[in-house]
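I'd like to ask you about the structure that follows.
Computed from heavy atoms alone, side chains included, the values below leave out hydrogens, waters and symmetry copies. For this chain, numbers begin at 1 and follow the sequence in order.
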Amino acid sequence: MAHKSDRSRQSGGQALQHRIEKMRAQSLKPMPTEMGDGKTPGGSEPKAWVDCGWGRLYFAQTYDRISDMVEALREEKPERRDIAFYVRDPHVALSLAPMELFLDPSHTYRLEFHAYKPSAKRFSNFHIRRLSNRSDAEGVNRIYAARNMVQVDPEFFWDSRDSRNLTHFIAEDDETGALIGTVTGVDHRRAFNDPERGSSLWCLAVDPQSSHPGIGEALVRRLAEHFQTRGAAFMDLSVLHDNEQAISLYDKLGFMRVPFFVLKRKNPINEKLYAGPSFKTGLNPYALIIVNEARRRGIQVEVLDAEAGYFRLSFGGRSIVCRESLTELTTAIAMSRCDDKAVTTRLLCSAGLNLPDQTKAGSDSDNHAFLKAHGSIVVKPARGEQGQGISVDITDEASLDAAVHAARRIDDTVLLEQFCEGDDLRILVIGYECVAAAIRRPATIAGDGVRSIRDLIERQSRRRMAATGGESRIPLDQETARTVARRGYNMESVLPENEYLIVRNTANLHTGGTLHDVTDKLHPALKEAAIACARAIDIPVVGVDMIIKDPEKPDYVIIEANERPGLANHEPQPTAERFMDVLFPHSATTDQRSGPETEG
């Protein structure tokens with residue numbers, strides 16, 4: 001015999017299954033394709049749609065004729081992304097416009113409010129509020145751009161701030177005031193007098209640079225509780241079938257799959273969803289951004305070694321082999337100049353550029369003398385990439401000896417370099433033009449008063465890996481432990497709530513660093529120095545690393561040049577487009593933006 005609690009679970013499960021089966025049966029009732037009586041279900045408004053800024057959201061259940069819904073999608077304006085939601089008979093709609101429409105590869109999820117349980121935990125370091133001013137709108141667009149989503153005219157956000165149909169919530173960092181997340185909701189009753197009392201979630205996006213856990217969950221809960229208090233019965237959403245991080249969140253919150261579909265119009269924004277299998281499998285984000293741009297231009301792509309990022313591009317009789325952003329246009333001489341940091345330093349000094357004092361590591365006494373002369377130094381292997389073997393802000397002899405030993409595991413030749421205070425700036429030069437610039441900040445965690453520093457680092461690493469396709473993580477190594485110890489903690493310490501801790505002194509993306517775009521703020525002197533660096537090395541594509549005080553001021557020192565910079569790190573700047581312009585100047589450019597998918 002089952003215990004009472006077991007019987008309750010069985011009863012609840014049977015009731016839930018019954019609701020799902022009833023919903024599925026209702027959803028599969030055929031919709032007239034041409035004939036209709038002009039009435040919509042339950043007396044809701046006919047042919048209902050809502051302008052969401054990125055495009056129109058059409059409620060397919062209010063269209064008496066599928067042909068009318070198809071015609072509505074055909075009226076989509078340029079650079080917009082219209083969506084038909086709650087499509088019950090997508091096969092019929094596609095038969096009417098097979099060359100113009102496609103079935104979106106997304107799942108629909110529903111949260112029944114009668115079964116929803118608010119969270120007992122309190123989210124730290126940020127708060128959720130309504131969008132309230134024009135700067136908020138600009139912050140939302142910044143997050144959209146970082147997540148490759150269609151941006152919205154800021155005036156639309158401002159004009160719709162008091163809308164009865166749309167609700168915009170944002171997450172704001174308590175310390176900095178920066179926007180770190182956003183979500184939009186649609187009230188179906190107010191939009192089209194929905195007899196089902198529904199609502200839906202759209203454009204959930206979290207700043208991939210944020211160190212705070214739980215932002216996505218907090219935004220979803222805030223929107224759900226908002227609609228619940230308005231008397232809504234449920235909240236639906238559409239999420240790409242392979243967005244595992246978001247789907248995991250929705251499962252956790254109690255969402256259930258429901259049998260509704262989404263139709264969209266074929267356009268450049270949606271192309272990656274209907275153009276067939278891409279080269280995504282096996283290629284990292286740095287190769288993929290280039291391959292996708294090539295395919296958009298009609299350039300033939302042949303993947304030679306996906307694991308190493310090698311591929312061949314062919315167009316109009318011209319063929320170029322690439323390894324991510326490194327191409328055959330970069331000579332072996334230029335590459336060797338970048339590869340050896342000591343050679344880079346001598347070359348750039350000869351060109352009259354500003355560099356920190358540098359020497360090769362030698363005997364312990366010589367190394368200690370260099371440290372004494374400068375007070376604080378950087379130790380790095382002469383050859384290497386992705387921040388491997390680099391120790392920053394070394395101030396004592398014991399740490400110096402350990403850092404030199406660690407660097408020699410990467411390369412036999414180790415360099416000692418004067419440590420310069422300031423921000424780490426990466427300027428991307430393509431075709432001897434500055435295309436993008438970003439401040440690179442070291443990995444930072446936010447305390448919650450509960451979890452250990454080790455746990456917070458591991459959680460932060462998982463978020464960074466999810467946001468960067470596995471390219472960014474914080475190593476739990478000697479350098480991280482040293483950085484933590486210098487700030488008075490160890491890896492098992494519990495970081496107080498609302499306290500931020502830098503856990504890595506290097507700002508490389510691969511070691512958990514974050515990038516913050518400053519392209520529009522860059523001082524002309526910094527641009528000139530970056531271009532002069534590229535010309536001195538004689539390299540067509542290069543990432544120039546500087547230490548600066550302020551991107552709007554001319555002061556700098558160059559610390560490195562990278563012959564294979566990550567173009568994907570600088571979105572939404574047009575890095576892949578400018579890269580392809582250099583390789584194939586006669587190929588056509590296309591719109592790069594993607595659409596309003598939900599993100600966990």
Side-chain angles (χ1 to χ4, degrees), residues 148 242 266 268-340 383-386 426 428-433 435-436 468-472 509-510 534-535 537-544 561-594:
N148 299 318
D242 59 355
K266 295 179 180 179
I269 297 173
N270 294 324
E271 185 176 6
K272 66 179 181 180
L273 300 177
Y274 65 82
S278 69
F279 298 108
K280 183 174 182 179
T281 302
L283 286 177
N284 65 31
Y286 308 115
L288 188 62
I289 188 176
I290 298 169
V291 164
N292 284 341
E293 174 62 16
R295 296 180 75 213
R296 290 185 180 98
R297 297 185 183 213
I299 296 171
Q300 181 180 350
V301 178
E302 179 186 359
V303 177
L304 305 175
D305 185 333
E307 184 176 353
Y310 285 99
F311 52 90
R312 178 184 288 111
L313 304 179
S314 302
F315 182 79
R318 179 181 174 93
S319 180
I320 299 176
V321 174
C322 308
R323 185 188 180 199
E324 299 170 5
S325 64
L326 179 64
T327 78
E328 293 175 314
L329 302 184
T330 296
T331 67
I333 295 297
M335 183 174 173
S336 64
R337 287 168 171 169
C338 288
D339 181 53
D340 191 324
R383 289 183 171 87
E385 57 183 6
Q386 300 181 353
R426 162 66 63 87
L428 186 61
V429 179
I430 301 177
Y432 304 106
E433 293 183 3
V435 174
T468 62
E471 294 297 314
S472 180
L509 179 79
H510 291 86
R535 293 196 180 280
I537 298 171
D538 194 19
I539 188 168
V541 179
V542 64
V544 180
N562 190 318
E563 77 278 4
R564 186 162 52 98
L567 304 188
N569 297 339
H570 295 274
E571 292 184 304
Q573 298 301 332
T575 57
E577 294 98 313
R578 299 294 82 79
F579 179 81
M580 208 58 64
D581 289 344
V582 170
L583 269 59
F584 301 99
H586 298 297
S587 61
T589 60
T590 57
D591 192 279
Q592 275 287 99
R593 291 170 294 179
S594 297

Is Ser325 reaching over with its side chain to a backbone N or O of Pro565, donor-acceptor style, under 3.5 angstrom?
yes
Over all heavy atoms of both residues, which pair between Arg426 and Gly566 is shortest? Give the atoms and the distance, please.
NH1-N, 4.5 Å
Within a radius of less than 6.0 Å around CD of Glu328, do more than 12 heavy atoms belonging to other residues, nucleotides or ligands occur?
yes
CG of Asn284 to CD of Glu307: how many Å apart, nearest 0.5 Å?
10.5 Å
Supply the atom-to-atom distance Tyr310 OH to Leu304 CG, rounded to the nearest 0.5 angstrom.
10.0 Å
Is the side chain of Arg318 donor-acceptor paired with the backbone N or O of Leu583 at a distance under 3.5 Å, no angle test?
yes
Where the side chain of Arg337 meets the backbone of Ile537, is there a donor-acceptor pair that is under 3.5 Å apart?
yes
Taking every heavy atom of Ile539 against every heavy atom of Ala334, the minimum-distance pair comes out as CB-CB, 4.1 Å
On a heavy-atom basis, the closest approach of Asn569 and Tyr286 is OD1-CE2, 3.1 Å
Got Gln573 and Arg578 here, is their nearest side-chain heavy-atom distance under 4.5 Å?
no
Side chain proximity check, Thr331 to Asp538, heavy atoms < 4.5 angstrom
no
Do Phe315 and Ile320 have side chains that approach each other closer than 4.5 Å (heavy atoms only, starting at C-beta)?
no
Taking the side chain as everything from C-beta on, heavy atoms only, tell me whether Ser314 gets closer than 4.5 Å to Glu302.
no
Is the closest basic N to carboxylate O distance between Arg297 and Asp581 below 4.0 Å?
yes
Val542 versus Ala534, closest heavy-atom pair with distance:
CG1-CB, 3.7 Å
Kindly compute the distance separating CD1 (Ile290) from CZ (Arg323), expressed to the nearest 0.5 Å.
12.0 Å
Between Pro540 and Tyr432, the two heavy atoms sitting closest are N-OH, 3.9 Å
In this structure, CD1 of Ile299 is separated from CZ of Phe584 (nearest 0.5 Å) by 5.0 Å
Phe579 vs Ile289 side-chain heavy atoms within contact, under 4.5 Å
no
Minimum heavy-atom separation for Ala436 to Thr575, with atom names?
CB-CG2, 4.2 Å
CG/Leu567 to CD/Glu324 distance, rounded to the nearest 0.5 angstrom?
9.0 Å
With side chains defined as the heavy atoms from C-beta onward, is the minimum distance between Val541 and Val429 less than 4.5 Å?
no
From CE (Met335) to OG1 (Thr330), nearest 0.5 Å:
8.5 Å
